[in-house]
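Notes for the one structure printed next.
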Amino acid sequence: MTDYDVLAEVYEWLISDAKLPPAEFAASFDDVLGLLPPNAHVLDCSCGTGQLAVGLAGRGIQVVATDASEAMVRRTAELSEEFGVAVLAVRANWEELPDHFEDGMFDMVFCVGNSLHHASGATGRVAALESMSRLLRPGGRLVLTSRTWELVRARGSRLDISNRLVRRNGRDAVVVYRWEIAPHWDEEHHIEIAIAQVDTTGLVLVRSELLSCWPYRYEELEADLHRLGLQTDASTFDPKAENYMVVASKAQTPEE
């Protein structure tokens, strides 16, 4: 089961230097944020430790942040308090979102940080996307980022060890990814992520978590979005690039 409750305490070591400040994380989405209407309502439904949500709130945007991990939600609330901005942080997985929020409530929904692969298979992925679509107003946009799983699977099971120390909060750490690639696309895969911190005394403290994931091809994601009435407005997909972003809009109703 994918929790992130252990990694939540050290998640900043997984965020790039450029995106660690909330304002910089939000700035990486300037192109799509320029599409928002005045007084926009935005949902970050895979908020992690809150860098994006807090960065958006710092711009005066009304933001709700959700995550399936209670620890991630707590850290998001702490970050919003640290920066003195208002973010409503709620623990909810994707399928639970309609239980917490009204249909058509948001102008934009973010699902970033390569999160969607944690949805359980094709059925779980479609259910997650359907929940996000329900919460979008007609004409609203879903912003999603993903690993290029075609590349990940081509490399097979392996151990990736960072070749540099990452410094956070005055401490250095090495980041390790262990990939368990299943034989077939539709089978459960695993990623074990370990953060090996070097303590001030020279001791090494390791925190790790084994995460379940179900990869998907880009063409499958596109088909899922279209099936749910979401039209792709922009895509950075490149089969040779490690990650990509998709922006999809919800169809307008006839009277609009």
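Counting from 1, the numbers follow the sequence of the chain as shown. Values below: all heavy atoms of this structure, side chains included; hydrogens, waters and symmetry mates excluded.
Within the structure, the salt bridge (Lys or Arg N to Asp or Glu O under 4.0 Å) test picks out the following pairs touching residues 242-251 (sequence neighbours left out): Arg155-Glu242. Sequence neighbours left out, not one pair with a member in residues 31-47 passes salt bridge (Lys or Arg N to Asp or Glu O under 4.0 Å). Note on residues 45-57: no pairs pass salt bridge (Lys or Arg N to Asp or Glu O under 4.0 Å), not counting sequence neighbours. Pairs passing the salt bridge (Lys or Arg N to Asp or Glu O under 4.0 Å) check and including a residue from residues 48-58, sequence neighbours excluded, do not occur. Pairs passing the ring pair (Phe, Tyr, Trp, His ring centres under 6.0 Å) check and including a residue from residues 182-209, sequence neighbours excluded, do not occur. The stretch residues 56-97 participates, sequence neighbours left out, in no ring pair (Phe, Tyr, Trp, His ring centres under 6.0 Å) pair at all.
Contacts of Ser249 classified as side chain to side chain donor-acceptor pair (under 3.5 Å), with partners at least two apart in sequence or in another chain: Asp233. Judged as a side chain to side chain donor-acceptor pair (under 3.5 Å), and not counting sequence neighbours, Trp149 has no contacts. Residues passing the side chain to side chain donor-acceptor pair (under 3.5 Å) test with Glu96, sequence neighbours excluded: Arg91. Here Thr201 pairs with Asp199 under the side chain to side chain donor-acceptor pair (under 3.5 Å) rule; sequence neighbours left out.
Taking a 4.5 Å side-chain heavy-atom cut-off between Ile, Leu, Val, Met, Phe, Trp and Tyr, the cluster of Val204 extends to Val206. Hydrophobic cluster membership for Leu165: Leu159, Ile161, Val174, Val176 (Ile, Leu, Val, Met, Phe, Trp, Tyr linked by side-chain heavy atoms under 4.5 Å, directly or transitively).
The 12-atom threshold is exceeded at CG of Asp30, counting heavy atoms of other residues, nucleotides or ligands nearer than 6.0 Å.
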